[in-house]
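Notes to accompany the following structure.
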There are 2 protein chains.
Amino acid sequence: MPMKRLTRQRRAVLEVLRGTKSHPDAAWVYQEVRKRIPSISLGTVYRTLDALVKEGLVMPLHHGGGATRYDANTMPHPHLYCRRCGAVVDLDLEPPDILKEASERHPELKFETFQLEFEGLCAECAGALAS
Amino acid sequence: MPMKRLTRQRRAVLEVLRGTKSHPDAAWVYQEVRKRIPSISLGTVYRTLDALVKEGLVMPLHHGGGATRYDANTMPHPHLYCRRCGAVVDLDLEPPDILKEASERHPELKFETFQLEFEGLCAECAGALAS
DNA sequence: GTGGTTGCAAAGGCTTTGCAGGCAC
DNA sequence: GTGCCTGCAAAGCCTTTGCAACCAC
């Protein structure tokens with residue numbers, strides 16, 4: 001029911017999210033959207049992000065207990081979390097076809113989706129630590 | 001440096017954690033440990049869990065943005081998160097050997113570990129929804 | 001005009017932290 | 001005895017929410 005109208009605020013949040021590959025959190029989105037709409041509130045950013053998630057236009061990422069991050073690419077795809085700088089990198093990797101295997105091994109459970117999350121070092125941090 | 005001494009509190013937290021398969025959060029651990037040590041504080045539970053994680057005796061689980069949950073089984077293994085009741089179920093499933101593939105596809109990144117997290121329904125909820 | 005949406009600010013949940021006293025070693 | 005550990009309470013983040021004004025429809 002919520003968030004049916006196309007307001008300036010909502011349009012701005014979606015555009016900001018689609019214009020980055022950085023998987024930002026609400027605070028970063030807020031900061032960016034304020035460049036266009038200085039009067040927008042953080043509460044509205046949260047409400048809008050929430051609505052976009054419910055509509056399936058945005059995917060929330062939870063990792064490491066910090067702030068929720070948001071990905072405008074809702075196609076299932078693996079991520080690498082950099083343990084040094086916290087960056088989230090999209091991976092060009094075919095997710096393994098493992099749902100069937102899981103269902104066969106545990107017939108009493110219902111498997112719907114899964115996510116593959118790597119931890120390691122992004123390109124910059126891998127280079128920095130190698131030197 | 002921290003948490004080198006084997007105190008009553010620390011022993012109790014570890015034993016509670018090892019005595020359950022439910023992947024509890026800090027509040028649940030607190031409640032259980034209080035049955036043995038009524039004077040223990042929630043702060044100590046958090047500090048102890050944190051120390052156990054740093055020592056590699058316990059693995060933290062982040063999912064859905066709620067409270068951090070803790071798993072005394074630190075062997076890498078997949079989980080199923082029940083979207084209905086929130087339960088976390090251990091899966092008896094060989095994780096795919098995908099680290100090499102990831103490294104080949106993205107040579108500039110450093111892959112160290114990964115986690116496979118399913119979402120779906122636990123046995124109880126799958127049965128409840130089927131009826 | 002009407003009801004969803006917003007800004008503001010307060011509150012909420014989870015977690016961390018400063019401090020003085022206490023306990024394992 | 002020494003220094004880490006504890007209980008307590010306050011504070012800290014991140015996020016949600018109540019309310020009156022506002023605006024897209």
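Chain letters run A, B, ... following the sequence lines, proteins first, then strands; residues in each count from 1.
Remark: A:S39 is not in phosphate contact with C:dT6, judged by side-chain N or O atoms under 4.0 Å from OP1 or OP2. Residue B:Y46 places no side-chain N or O under 4.0 Å from the OP1 or OP2 atom of C:dT16. B:T44 has no side-chain polar atom (N or O) that falls below the 4.0 Å cut-off from OP1 or OP2 of D:dC5. Taking only side-chain nitrogens and oxygens, A:Q9 comes nearer than 4.0 Å to OP1 or OP2 of C:dG7. Remark: A:S41 is in phosphate contact with C:dG7, judged by side-chain N or O atoms under 4.0 Å from OP1 or OP2.
Taking the side chain as every heavy atom from C-beta outward, A:K110 and A:E112 approach each other to under 4.5 Å. Residues B:V89 and A:L109 form a side-chain contact, since some pair of their non-hydrogen atoms from C-beta on lies under 4.5 Å apart.
As a whole-Å value, the separation of B:R11 CZ from C:dA24 C1' is 10 Å. Atom OH in A:Y30 sits about 14 Å away from atom C1' in D:dC14, given to the nearest Å. Remark: P of C:dT15 and CH2 of B:W28 are 16 Å apart, rounded to the nearest angstrom. In this structure, the CG atom of A:L42 is 14 Å from the C1' atom of C:dA10, given to the nearest Å. The nearest whole Å value for the distance from the CD1 atom in B:I37 to the C1' atom in C:dG22 is 14 Å. Atom P of nucleotide C:dG22 and atom CD1 of B:I40 are separated by 18 Å, given to the nearest angstrom. Atom CZ in A:R10 sits roughly 19 Å away from atom C1' in C:dG7 (whole-Å rounding). Per the geometry, CG belonging to B:L52 stands 16 Å off C1' belonging to C:dT15, to the nearest Å.
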Taking distance alone, no hydrogens or angles, what donor-acceptor pairs closer than 3.5 Å link side-chain atoms of residues 114-130 of chain A to residues at least two apart or in another chain?
from: A:Q115; atom 1: NE2; to: A:E117; atom 2: OE2; distance (Å): 3.1
from: A:E117; atom 1: OE1; to: A:Y81; atom 2: OH; distance (Å): 2.7

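Here the closest non-hydrogen pair linking A:P78 and A:L93 is CD-O, 3.5 Å. Listed here is the closest heavy atom pair of B:H77 and B:L91: CB-O, 4.4 Å. Pairing each heavy atom of A:L42 with each of A:Y30, the nearest pair is N-CE1, 3.5 Å.
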Heavy-atom contacts, protein to nucleotides 18-25 of chain D, under 4.0 Å, summarised as B (base), S (sugar-phosphate only) or - (none) per nt, yield B----BBS
Side chain to side chain donor-acceptor pair (under 3.5 Å) between A:H79 and A:D90: does it pass, once the steps are laid out? CA-CA 5 Å; A:H79 293 112; A:D90 284 321; 3.2 Å; yes
